[in-house]
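These notes are about the structure you will find just below.
Just so you know, ligand 1 is whichever comes first in the structure, and atom 1 is the first atom listed for that ligand.
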Amino acid sequence: MRELVRKIKVKSVLNKQKFVDDWFLSSYSINPYSNCSFNCIYCYTRGSKYGEHQVPSLAVKINAPEVLVRQLKNRARKREYGFIAFGSATDPYLPVEKDLKITRELLMIILRFKFSVNLLTRSPLILRDLDILKKIGEKARIPKELEGKMDTGVVLSFSFSTTDEKLARIFEPGVPSLKKRLDTLKKCKDAGFTVGAVFMPLLPFLSDSEEHLDKMFKDVKENGADFVLASGLTLYGDGPHDCKTRYYEVLEEHFPELVPKTRAIFGKSSAPSHKYQKELYQRFLGLCRKYQIRNKIY
Ligand code: SF4
């Protein structure tokens, strides 16, 4: 069935971040779509976190290309080069992108103005755009703060909250299969790109154990990941579309025994306890050493 998508016009599409992102190295972000049809249960971009109780309804920013030309022309004139992150609030390769090609159009504009990109996705549709991404990698002006550290203007990252297909179907019902994601990672690596796996969010008592994480590292290492980034789950809001509500509903249905344990590590906070996060990070670092894989992009 064809996905319904509204068309909206925006005044700005290039968001300037206050600081360069430590994880993704980005100074800017772009989201070609509003909302995300992949519908991950733990996704905090829907619901009330951003000030309103959004009903998930996908929209394409139809005038994004003309707005981006204006915004990048201005930034390039001031030589404010930097990495532009795709994938912070919506996946840039949703099924509708196949026909709409808005992400592709935006990448062509980025190539024209010689900016760099860090593209985070869960979809094999990214393979369609490797031709443009290759050119961006060759032509981009590396931002000053990354000179000598980065030798390419393109980083391709793939997200995983698990590499267990059954678990993924429960928590990421609309996302392409893990096999497809891992195959795509490998194809991007084989095409010569810097590629990484983003384990975000790791699901408490489901995908955060030493054993489960070990398998995730093994899977992404075998498929060519140059680096892995990871973080725990965050849960926001009490409204019907909020990720906290949805996450506990799904947990109650599939893993009721984990509800009290999960509530205990969160308490009243949106993030798990400091102790939990510290232990998770230690496990993660240990596995980076074991698999000889970087815990940052460069
Ligand atoms: S792919 Fe990312 S943005 Fe889309 S629903 Fe999943 S977590 Fe949210």
Applying the side chain to side chain donor-acceptor pair (under 3.5 Å) criterion to Asp183, which one of Lys187, Lys180, Lys179, Arg181 satisfies it? Lys179

Under a 4.0 Å N-O cut-off, is there an ion pair linking Arg70 with Glu66? no

Please name all residues satisfying ring pair (Phe, Tyr, Trp, His ring centres under 6.0 Å) with Phe160, sequence neighbours left out, ordered by chain then number. none

Using the ring pair (Phe, Tyr, Trp, His ring centres under 6.0 Å) criterion, which residues pair with Phe24? Sequence neighbours excluded. none

With 2.8 Å as the threshold, which protein atoms of type N, O or S lie near atom 4 (Fe) of ligand 1? Leave waters out. Cys36 SG

Please tabulate, for the side chains in residues 265-273, all donor-acceptor contacts under 3.5 angstrom to protein atoms that are two or more places apart in sequence or on a different chain.
from, atom 1, to, atom 2, distance (Å)
Ser269, OG, Ala271, N, 3.0
Ser269, OG, Ala271, O, 3.2
Ser273, OG, Tyr276, N, 3.1

Whether Phe217 and Phe284 hold their rings parallel, tilted or perpendicular, with breakpoints at 30° and 60°: tilted

